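In what follows, chains carry the letters A, B, and so on, assigned in the order in which the sequence lines appear, proteins first and then strands, with residues in each chain numbered from 1. From a predicted model like this one, the values you see are computed outputs, not experimental measurements.
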Number of protein chains: 2
Amino acid sequence: MKRSRSRKKGDIHAIAKEAGVSLMTVSRAMRGVEGVSEQRRKEIVSIARRLNYVPNSNARALALDNANLIGVSLPNLFNDVFADVLNGMRGAIEYAGYSSIVDTTDYSSKNELAWLERLLTWRPVGVVLTGVDHDPALRERLQSAAIPTLETWDYSADPIDICVGIDHREAGRQIGEYIVSLGYQRPVYIGTKPGRDLRAEDRAAGIADAFSAVGIQPVPRIAAPDASNFEMGARGFTVALEGYAPDVVFFLSDHYAVGGLMAATKMGISVPDQIGIVGYNDLAINAILPQRLTTVRTPRRQMGIMGARNLLARINNVPVEKAIALPVEVVIGDTTRQQ
Amino acid sequence: MKRSRSRKKGDIHAIAKEAGVSLMTVSRAMRGVEGVSEQRRKEIVSIARRLNYVPNSNARALALDNANLIGVSLPNLFNDVFADVLNGMRGAIEYAGYSSIVDTTDYSSKNELAWLERLLTWRPVGVVLTGVDHDPALRERLQSAAIPTLETWDYSADPIDICVGIDHREAGRQIGEYIVSLGYQRPVYIGTKPGRDLRAEDRAAGIADAFSAVGIQPVPRIAAPDASNFEMGARGFTVALEGYAPDVVFFLSDHYAVGGLMAATKMGISVPDQIGIVGYNDLAINAILPQRLTTVRTPRRQMGIMGARNLLARINNVPVEKAIALPVEVVIGDTTRQQ
DNA sequence: ACAGAATATGTTATCGATAACTAAATCATG
DNA sequence: CATGATTTAGTTATCGATAACATATTCTGT
């Protein structure tokens, strides 16, 4: 014995000795695997408890070359949007006996790649990514490692592995068409700086599609300066009013839209009489606004649950649909004129 | 060789063979530890890259009996409050070369205990808990395992190990005293059901302290029925108006307060003329409200950073203060009458 | 040019748990 | 009651990486 083998009296050997059985018997007993008589199992489990036994997942994962882990990457946690997706997902994952570990990328595909590299060293059984735009190396790495991978939130017909999401361009088109049908003619889109949130840009493109179908184009896009989501909406709104004369303003999300709506209130601009406001996501805050936003309801929780289920199926080699686009729903609120 | 040893051509042995050196040399080279000539190191690293080597953290953690992991438990992720704390913390943790894994407990100390049990099997070097109220077994487990533990958000003079937080009762007292000084006399507190959020209850107690000091008591507490935070605020507000005749309403958090404020707007109740509204946390949304909330600014990000630093110090056996209470600041807004 | 220091590299035992294989004990049935 | 089928339990080799110890090689200063 070279290394000082200071057994903290808590490992599987100690229990085996105490119980007068072999290692394997303890291992089987602790895992609830068959091959141990009920009586012995109880005995062993009680000894384990007494000795304060804490199983070593590292050893287990090493022996099995696989941890019961599913890695989840999100852009950030400041956003109730992803929290909804995540909560749905976690339930399903944990119910199936896996653990999820979550990390954030702050909308950077470089961060995302770095995160994946770290994650892979832990030998996860599955990976969940937000969105479908990634560093090219990421796709390659996942496929060469042959790890079941779910892309969610966004939709792609050609996912890395499987995908459950929303077709954001189509969603943009839907809300765009509704707004067009109300007779609006001078739209502006307020989002974040180009390249940061590609889903939002898809939506903007969908909105532009709808307007260009009736001969209105382009739909100017305004990138709000960095701040909290609420503030970006408020500031973007101000900028929009200064630089254009919009009759309707689309916002990247409800957060932004709330910012815009409040800014309008402050400025004494009447909504929807003088200007229309459109959000995205139908967040919880919408339920308590004096005027409910016209927005798009996204099935976030459902997306999380379905995504997780499909991923789990994939992990267990059950065939699943490669790519699923969930429908969204236009929510008619009080911040746009009535039909 | 019993088991089919299908080396995926990517482990440390393969690299060693390819490079014609021993395992240890590869291990040292990969870790950037001294004991390898610069030339060899480069050679080995390039071979590793070529073979698509992915280090196995499970093996590493097993060999070292310690993973570079810090487990973080939060009540939930729906809340920008904890997101702020977390972001501050993560930066510091990652900067120091550790990884953090986050999980949520949904305000249940039973969940928290279960989380800890799972976490411990991974042999983390440190643990972060939100709040100071836990299952008694949790304290014992952490102390007997001698794992550096940070309790944050809340303050306790007798932490499990170390603590960086806010004295919520004191914070409640401060805002309470300010409100008292404005001449309000019929306060109501709107929170969640008893036992769920103990910090919030501390705040309520602090507020009550302030009022009872001028002979006003009790401060009725209303528990809003479960819903989103915004909605709970809105509904609680309605209940408060029906059951009492408050001249000022304290809310568990700004989320709630925004709900209340919006409800007031809807009902045509003028704030602060007819009623005062007080929040907690000074969240981002406050910056864009038509009327800024009177609230309490909590140093969330700073708390995360300082907490992480202290925990890291603790992990490295550098002595640190056992318990730190960070100061809060009353934010004078437009939702209470002026002095 | 040579002893002792410093640097570079190899050998071996472990970390804790598990799969695969083997062996012993118990059971069922004609 | 004998014998193959079941159940229960033990033995051994591994998983991939690392610390500790041992050895070989290169410097350094006099």
Side-chain angles (χ1 to χ4, degrees), chain A residues 1-44 47-48 51-68 120-123 125 145, chain B residues 1-45 48 51-68 120-123 125 145:
Chain A
M1 277 189 243
K2 284 185 170 182
R3 221 179 287 183
S4 74
R5 217 184 207 282
S6 69
R7 282 258 157 74
K8 299 188 202 70
K9 92 169 186 179
D11 71 344
I12 210 176
H13 291 87
I15 298 173
K17 206 166 96 186
E18 182 80 9
V21 299
S22 76
L23 293 182
M24 269 319 283
T25 302
V26 176
S27 173
R28 285 192 269 250
M30 295 310 299
R31 278 179 295 155
V33 158
E34 67 171 12
V36 191
S37 67
E38 204 42 43
Q39 190 188 342
R40 258 219 205 299
R41 161 163 298 135
K42 277 190 189 137
E43 197 182 315
I44 291 173
I47 290 179
L51 296 190
N52 252 309
Y53 172 64
V54 179
N56 188 324
S57 290
N58 294 307
R60 175 162 215 277
L62 175 60
L64 299 178
D65 189 34
N66 124 30
N68 270 345
L120 289 183
T121 69
W122 293 101
R123 305 294 188 261
V125 292
Chain B
M1 276 187 243
K2 285 186 173 181
R3 219 179 289 183
S4 76
R5 216 185 207 281
S6 70
R7 282 259 159 73
K8 297 187 202 69
K9 94 167 188 177
D11 72 342
I12 209 175
H13 292 87
I15 298 173
K17 206 165 95 185
E18 181 80 9
V21 300
S22 76
L23 293 181
M24 266 321 280
T25 303
V26 176
S27 173
R28 285 192 269 251
M30 296 309 301
R31 279 180 294 155
V33 158
E34 68 171 14
V36 190
S37 68
E38 204 40 43
Q39 192 187 340
R40 258 219 206 301
R41 160 163 298 135
K42 276 190 188 137
E43 197 182 315
I44 291 173
V45 168
L51 296 190
N52 253 310
Y53 171 63
V54 179
N56 189 323
S57 291
N58 293 307
R60 176 164 215 276
L62 175 60
L64 299 177
D65 189 36
N66 123 33
N68 271 344
L120 289 183
T121 68
W122 293 100
R123 306 293 189 263
V125 293

Self-check item: Short side-chain N/O contact from A:Ser22 to OP1 or OP2 of D:dA9, under 4.0 Å
Solution: no
Quiz item: Nearest-Å distance, CZ (B:Arg40) to C1' (D:dT26)?
Solution: 14 Å
Quiz item: For D:dG16, does either OP1 or OP2 sit under 4.0 Å from a side-chain N or O belonging to B:Arg31?
Solution: no
Quiz item: Within the pair B:Ser37 and C:dT9, is there a side-chain N or O less than 4.0 Å away from OP1 or OP2?
Solution: yes
Quiz item: Taking for each residue the nucleotide of DNA chain D with the nearest heavy atom, is it B:Met24 or B:Asn58 whose nucleotide lies nearer the 5' end?
Solution: B:Asn58
Exercise. In whole angstrom, give the distance that lies between atom CG of A:Asp11 and atom C1' of C:dC15.
Key: 10 Å
Quiz item: Counting just side-chain N and O atoms, does A:Thr25 come under 4.0 Å of either OP1 or OP2 of D:dT8?
Solution: no
Quiz prompt | N/O (side chain, A:Arg28) to phosphate O (OP1/OP2, D:dT8) under 4.0 Å | solution = no
Exercise. Nearest whole angstrom, please: distance from the P of D:dC15 to the CG of B:Asn56.
Key: 12 Å
Self-check item: Option passing side chain to side chain contact (heavy atoms under 4.5 Å, CB included) with A:Thr25 (candidates A:Ile44, A:Ile12, A:Ile15)
Solution: A:Ile44
Exercise. Starting at atom CG of B:Leu62, determine the distance to atom P of C:dG16, rounded to an integer number of angstrom.
Key: 7 Å
Quiz item: What does B:Val26 touch in the nucleic acid at a heavy-atom separation under 4.0 angstrom: a base, only the sugar-phosphate, or nothing?
Solution: nothing
